[in-house]
Amino acid sequence: MRLHNDLTRTLEPFTPLVPGRVTFYNCGPTVYDRIHIGNARNLVVADTLRRYLRYKGYQVTFVQNFTDVDDKIIRRARQLGIGERELADQMITEYFQDADALGVERADVHPRVTDHIPEIIEHIAALEALGFAYVIPGDGVYYRVTRKPDYGKLSNRNLAELQAGARVEVSAQKEHPMDFALWKFQKEDEIAWDSPWGKGRPGWHIECSVMARRYLGDTLDIHAGGEDLIFPHHENEIAQSEPVTGRPLARFWIHNGMLTVGGTKMSKSEGNFWYLRDVLQRYSGEVVRFYLLSAHYRKPLEWSDDLVAAAKSGLERLHNAVHNLRHLARTAERAEASDQERDLLADLIARFRQRFQEAMDDDLNTALAQAVLFDLATECNRRIGPGASRALAEEALALFRELGGVLGLLGSALAEEESLDAEIERLIALRQAARKARNFAEADRIRDQLRAMGIILEDTPTGVRWRRA
RNA sequence: GGUGGGAUGGCGAAGUGGUAACGCAGCGGUCUGCAAAACCGUUAUGCGCGGGUUCGAAUCCCGCUCCCACCUCCA
């Protein structure tokens, strides 16, 4: 598999440090609010990469943090009149509801900053001992960027360039404008912990350095996040980690592109964002996930209702193919596959599994992988019809399950049949009787009635088939 | 000012040297009692513009135009 490594800005063959095992850290949300659809893209991309690596046979250890203390959390908690921990707890609960809807699996560890204060202090002390930290009284402990000759290697810029375009407020007391806080001293009655430098709380970047190391070791195989985290967040993580461990923080840096609205980046500060929760009122998590994977992860992706609606139609095509196969499996008169069917199946599996893997191996080309699923659907629709054996239909379904599962899609369509309630069963039977009596007006009336109840009927050569709208 | 990314049919989106995937939308047809679903056909002689290299370029080179992101919190 090849992945685009943002550290080298090239496509590189991916191999983990320890054969067969992958350590993977994704920068998780700051839990001061519900996540928006842009956050969702990062979650889905990281989750999909994780699933694919597992599919390839790697044992993946996936860690994603919660940033549960920062300015925004403190401000929000005050507005609401609750504690920071309480707010964070609430938002973490909300987070899991949203992530679950998207089919994003739980990380192996979801560490929280406030549970790792001693390790953070220890790390800052280590930096200080190495001459990478200094105190600004009344302000905080700062990182000394000029002490790191390769500072800027991830974002591909040097201190002179950074300084030239700096929009950051330059504190008169900072040695360099790019120096950043490792520890912020307590102001007023802000939440704070004791430290050798005084009461305060961690700076933004230090948490990831510390928690990634705590759970995954000095060097991660993959560190992911949104591309807007490249600078300063990930640059600063590297700056903090590498002097202490003496090792590269991560071997592969993977960043997803931004979601856009009207061509410009979606962001909380701009206000042009949609909460995932609200989007999920209109579209299923699967539709959202499918849309988020419909473009390559490193490209910007426009978010609009029309585009998502079109994706929903496309996904329905895959669902229909699955429903067709399930109906065939259910109604098949023959259990065992014929020789001819076995050949067909072997051909389908060989071709589509390979094409799918080639797509995913090429820097996680999920758009192409989806196209493979569409082609598979067409092939199944064309070549597996009435008269097919149950074995053939079920094996084709297994292929959908395998490939769809890597993308985190099609789970519900493939799931065991929920039973219809008796009233609906009765209406379907009534309509069948009406059709048999060639009372089509009555049959159509019942079909419309069921349609209004969210049940779509389709008459096939092997009997009536229903699906949910 | 610096650093990157991008412009592909009506819409979205793959494709980085061999003659334009895939999805949506549209149109025509087959099937159907009618539908739905599905299938078949059809919709870019051309991939921002102008040059160049090559037997051959959306893909490489040069120039130009426009757009976006990052350099501040952001996924």
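Below, chain A is the first sequence line, B the second, and so on; all start at residue 1. Only heavy atoms go into these numbers, but all of them, side chains included; no hydrogens, no water, no symmetry mates.
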Practice prompt. Scan residues 449-469 of chain A against RNA chain B and write down, sorted by residue number, each residue with any heavy atom closer than 4.0 Å; if none is found, say none.
Written response: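 A:Leu457, A:Glu458, A:Asp459, A:Arg465, A:Arg467, in order of number.
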
It should be established whether [X] places a side-chain nitrogen or oxygen under 4.0 Å from OP1 or OP2 of nucleotide [N].
| X | N | answer |
| --- | --- | --- |
| A:Asn365 | B:G15 | yes |
| A:Asn320 | B:A38 | yes |
| A:Arg317 | B:C39 | yes |
| A:Asn381 | B:C39 | yes |
| A:Lys299 | B:C68 | no |
| A:Lys312 | B:G23 | no |
| A:Arg435 | B:G33 | no |

Separation between the [atom1] atoms of [N] and [M], rounded to whole Å:
| N | M | atom1 | result |
| --- | --- | --- | --- |
| B:C68 | B:C61 | P | 25 Å |
| B:G9 | B:U43 | C1' | 8 Å |
| B:G33 | B:A14 | C1' | 42 Å |
| B:U59 | B:G6 | C1' | 15 Å |
| B:A36 | B:C27 | P | 12 Å |
| B:A37 | B:C24 | P | 11 Å |
| B:A44 | B:C22 | C1' | 15 Å |
| B:G18 | B:A57 | C1' | 9 Å |

Quiz question: going by heavy-atom distance under 3.5 Å, is there a donor-acceptor pair between the base of [N] and the side chain of [X]?
| X | N | value |
| --- | --- | --- |
| A:Asp444 | B:G33 | yes |
| A:Ser269 | B:C73 | yes |
| A:Arg383 | B:C39 | no |
| A:Arg382 | B:A38 | no |

Distance in angstrom units between [X] [atom1] and [N] [atom2], rounded:
| X | N | atom1 | atom2 | answer |
| --- | --- | --- | --- | --- |
| A:Tyr297 | B:A69 | OH | P | 20 Å |
| A:Phe231 | B:G4 | CZ | P | 15 Å |
| A:Asp6 | B:G5 | CG | P | 10 Å |

Worksheet item: What residue among A:Ile120, A:Val31, A:Ile206 forms side chain to side chain contact (heavy atoms under 4.5 Å, CB included) with A:Val113?
Response: A:Ile120

Item to complete: Could you check if a side-chain atom of A:Arg447 sits within less than 4.5 angstrom of a side-chain atom of A:Leu450, using non-hydrogen atoms only?
Response: no

Practice prompt. With the side chain counted from C-beta on, respond yes when A:Arg298 and A:Leu364 share a heavy-atom pair under 4.5 Å apart, and no when they do not.
Written response: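 A side-chain contact under 4.5 Å is absent here.
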
Discussion item. For A:Asp363, is there an ion pair with A:Arg2 - N to carboxylate O distance below 4.0 angstrom?
Written reply: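 No, A:Arg2 and A:Asp363 are not salt-bridged.
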
Worksheet item: Any ion pair linking A:Asp347 and A:Arg383 (charged N to carboxylate O, less than 4.0 Å)?
Response: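 Result for this pair is yes, salt bridge flagged.
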
Worksheet item: If you look at every heavy atom in A:Ala443 and A:Ala434, which pair is closest and at what distance?
Response: N-CB, 4.0 Å

Once the angle between the rings of [X] and [Y] is folded into 0 to 90°, is it parallel (under 30°), tilted (30 to 60°) or perpendicular (over 60°)?
| X | Y | answer |
| --- | --- | --- |
| A:Trp253 | A:His223 | parallel |
| A:His255 | A:His234 | tilted |
| A:His116 | A:Tyr215 | perpendicular |
| A:Phe252 | A:Phe14 | perpendicular |

Practice prompt. Go through the structure and list residues passing side-chain hydrogen bond (donor to acceptor under 3.5 Å, both in side chains) with A:Tyr151, not counting sequence neighbours.
Written response: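 By the side-chain hydrogen bond (donor to acceptor under 3.5 Å, both in side chains) rule, A:Tyr151 matches A:Asn236.
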
Fill in: For RNA chain B, the dot-bracket pattern of Watson-Crick and G-U pairs whose distances stay under 3.5 Å, | for other-strand partners
((((((((.[[[..)..(...]]].(((((.......))))).....[[[[[..)....]]]]])))))))....

Fill in: Minimum-distance nucleotide (side-chain atoms of A:Leu307 versus B:A38, B:C11, B:G15)
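Nearest nucleotide to the side chain: B:C11.
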
Worksheet, complete the sentence: Picking from B:A14, B:G23, B:G33, the nucleotide nearest the side-chain atoms of A:Arg438 would be B:G33

